[in-house]
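Notes follow the structure.
Start at 1 and go down the list; that is how both ligands and their atoms are numbered.
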Amino acid sequence: MTTTDTTAPTRADAQALDAADPLATFRERYLPMDADVVAYLDGNSLGRPLTSIAESWQSFTAQQWAGRLIRGWSEGWMDLPERVGDELAAAALGAAPGTTIIADSTTVNFYKAMRAALNLRPGRRKVVLDRHNFPTNRYVVESLARDLDLELVWLDPPIEGGVTPDDVAAAIDEQTAVVTLSQIAYQSAYLADAPAITRIAHEAGALVVWDLCHSVGSTEIELDAWDVDFAVGCTYKFVGAGPGAPALLYANRRHHDRLDQPIWGWLGRRDSFEMEQGFLPAAGIRAMMSGTPPLLGLLGVREGAAVIAEAGIGAIRAKAIALTELTTAYARENLVPLGFSIASPLDPARRGGHVTIARADARELSARLIDAGVLIDFRAPHGIRIGLSPLPTSFTEVWDALDVIRRLS
Ligand SMILES: Cc1ncc(COP(=O)(O)O)c(C=O)c1O
């Protein structure tokens, strides 16, 4: 089924897609939802829990924490930010060992990565960013602009689209220090051409900081091959590591001898446990650390990375495309006639793992959908975001949800 088909997909079509789905059995790895849930279409916001995460937390608590107590910190807990970073990097980031840590929130990591990137481009004071990036990214950059007297160059892509390489090429100049964008736009799911944009930034002597929140675990990423400078991203969405799980932070090895981030915590210091006066950054990616690793969250990331590695990110991306194709085909035939627009790219090559449909009454309709057990999310001003997390979601579940949307609209 493709967006060029002109008949609405039927429930039987969705069942046939499930029957042929090579990832279908991964659904059984997740803990069950409440019986009133018709469909969970918010895995791009909060992923469903793997049974293995519950088991990992249980055994960590009973054996490691209860048994080893504080000895655990020197028996491996302290290294988990880098070890689990390597595991996620191998499964989903196209990044070599030693380039990624799991720590803090995306917001904090973004601040650190932006400051580190700006510190590598002294004398340049422009940052290129876009109006439809996630609020945290815009606010952090605005606070940096206030503190460091930066000039912000705002791109204004269409809300149903995203930033193109041409947009960046037109905005960048020899004063640009950093270009920062989301690889997948949180509203439209527009999938930016990260390698091309990174190249354009580098040709102008600027660095890039990519936000991977909506792409990690849903689409292919090749941070090393694309020569990305810094990247950050959530692990509680498609990685499914749990509510508030710590975020990823990648720094290209090329920058490791000059990593200068602003939150000088004890665990980013060389020889942390010597408790010395003054701050000297630790070697390598560890310089991006600040405080104590959140162990339970890290174990969630470990399980999420393991399941992505097992399924294969290529197969996950292929299913994401098939799920979003089903959704856009259904929406075009059955929801557009009811006054909706499709506020996501129609070209699957430019679309991430969710589809947004828009109508003026989206806020009120979203509340009714959630009451009916169709868990989508509303995104102001008029968007209903249909998140299609490939591993726990079936085609039939999505079709049933779309049919509820049609009936309640
Ligand atoms: C694209 C994007 N960037 C940043 C964030 C902020 O992440 P956190 O609240 O974990 O700091 C989010 C959260 O949903 C996001 O979607």
- [ ] Please report which non-hydrogen protein atom sits nearest to atom 3 (N) of ligand 1, along with the residue it belongs to and the distance in Å to one decimal place.
- [x]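 So the nearest neighbour among protein heavy atoms is D211 OD2, 2.7 Å.
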TODO: Would you mind checking which non-hydrogen protein atom is closest to atom 12 (C) of ligand 1, with the distance to 0.1 Å?
DONE: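 Checking every protein heavy atom, the shortest distance to atom 12 (C) of ligand 1 gives F134 CE2, 3.3 Å.
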Open item on the list: For W65, I'd like to know if atom CH2 has over 12 heavy atoms of other residues, nucleotides or ligands within 6.0 Å.
Closed with: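 For W65, atom CH2 is not crowded (no more than 12 foreign heavy atoms under 6.0 Å).
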TODO: May I ask you to list the atoms of ligand 1 that are less than 4.0 angstrom from any heavy atom of S105?
DONE: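 Selected atoms, number and element: 11 (O).
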TODO: Could you tell me which atoms of ligand 1, counted from 1 in the order shown, lie closer than 4.0 angstrom to a heavy atom of N137?
DONE: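 Under 4.0 Å from N137, ligand 1 has these atoms: 3 (N), 4 (C).
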- [ ] Give the minimum heavy-atom separation between F238 and H214, together with the two atoms involved.
- [x]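 It is CE1-O, 3.4 Å.
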Check whether any N or O atom of [X], backbone or side chain, sits under 3.5 Å from an N or O atom of ligand 1, and answer yes or no.
X    : answer
T107 : yes
T136 : no
K237 : yes

Open item on the list: Looking at R385 and D377, is any side-chain nitrogen of the basic one under 4.0 Å from a carboxylate oxygen of the acidic one?
Closed with: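 A salt bridge links D377 with R385.
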Task: Ion pair R199/D227, N-O distance below 4.0 Å - done: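 Looking at D227 together with R199, the answer is no, because their closest N to O distance does not fall below 4.0 Å.
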Open item on the list: Less than 4.0 Å is my threshold; does some heavy atom of Y236 fall inside it relative to ligand 1?
Closed with: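 Yes.
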TODO: Name the orientation class of the two ring planes belonging to Y330 and W399 (parallel below 30°, tilted from 30 to 60°, perpendicular beyond 60°).
DONE: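 Perpendicular, since the angle between the ring planes exceeds 60°.
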Task: Pairwise distance CD(E333) to CG(L402) - rounded to 0.5 angstrom - done: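 Atom-to-atom, E333:CD and L402:CG are 13.0 Å apart.
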